[in-house]
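Since the model is a prediction, treat every value here as computed from it, not as a measurement. Counting starts at 1 for both ligands and their atoms, in listed order.
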Amino acid sequence: MLEKIKHDRHVSWWAEFGDTLVVGGTGKSLALTGIPLTSKYEPLTARDLSIVIAGHQNTLPDSVQILARGGRTSLIIKNPAVFTDDHILIQDFKPNTVYAQSGEHNAHSIILTMNQALNAQSAMDDVDAVRWFSDVGTLSNWNRHVSSVDIVSARDWIQEQFLKLAPTSRSLQKFNVRGRDAWNVIATFDAGPTSDVYVIGGHYDSISEQISQSAPGAEDNASGAAGVIELARVFSSRQNKATLIFVAFSGEEEGLVGSKAYVINLPQDIKSRIKSVLTMDMIGYSKDDSEDVLLETASKFKPLSDQYAAAARLVPGLRYFTTFNPFGSDHMPFIDADIPAILTIDNDWGDYPTYHRTGDTIDKVSRDMGLAILKMNAATLAVLTGS
Ligand SMILES: [Zn+2]
């Protein structure tokens, strides 16, 4: 149906945004298609539109008119307002483009073997939502702005959680954010010198309106950092054929400083063995009763998002969307270094009311949402690592 509408001769251009297909043409021509249109903006043309990537609604000026949103991409009417937030990227609108695709329209060809499906199921069963949620609470009790004193306590606590799992090695990777020390927390479960390597990461630093205000960052990103710890627990007790490296990044909110430092300092031996990287940023918010996840990577790494899509289908009730406009989180330094990496993020993140605010507290985090994404990620890792 979607493809038929796109190719209808009365449609002059189209753009796909998850659940919404935007079509262009004159009112007269579109009426001839018989498509039930939900809104009309005449006489707008494709040239009157722009794309905003990662434009969280809270950070957009009030004058901005959003026509459609899908993934972390919004289609807006061109606006002369000055966009000052560095978490925003503006691009020209390209007609006839899939900006985000819902799972129902995403063709992929991954079929799991019986053994893979069983492994995936047992990994999913091992995810403990209560434990994860409790960890989100623990982390969000600390002000985790990179310049805060408390972030050191969060760092040490994450290290302790890793230590309990008896990894082969663990380390703190120190780097510099505007003259201050910051640390990535790393735990490695080594499966031997020639094994494949998978990296699982998420940032534990946070940000709020002002440096004087606490940054509890429950959704952004205690949810993802606790997710890294939870997946480390799940996989530390499995027979991994691959080496797993779990990283809690810092400095993400200051410009992906921690993940950039991690990628730059990767030893060539490890780098060449990395098969893929999973990052989690904001995995615990749902604006409604349904669980939706966004899978974000570069188009050249579509085979990786297909793997996650196949696993998403194993999680009851989980809808997924895919997008190939990666932006603004810890997957980027890997993608820029040509390492296959994917961001998993709840699909309602753009509606999160207390994004980057001191009110980003545990009461806004949904245990069911986090559980659904963690199950999908656990299932995918079980399939990829053959564990
Ligand atoms: Zn974040």
key: Sphere of radius 2.8 Å around the Zn ion (ligand 1) - protein N, O or S atoms inside   = His203 NE2, Asp220 OD1, Asp281 OD1, Asp281 OD2
Qualifying side chain to side chain donor-acceptor pair (under 3.5 Å) pairs, either residue in residues 366-377, two or more places apart = Thr344-Asn377
task = Using distance alone, with no hydrogens and no angle criterion, decide if Asp205 and His203 have a side-chain donor and acceptor under 3.5 Å apart.
result = yes
ask   = When rounded to the nearest 0.5 angstrom, what distance separates OG1 in Thr380 from CE in Met376?
value = 6.0 Å
remark   = Taking every heavy atom of Thr243 against every heavy atom of Ser195, the minimum-distance pair comes out as OG1-OG, 2.7 Å
request  = Return yes if a side-chain donor-acceptor contact under 3.5 Å exists between Asp190 and Thr188, otherwise no.
outcome  = no
ask   = In Å and rounded to the nearest 0.5 Å, what is the OG to CD1 distance from Ser153 to Ile158?
value = 11.0 Å
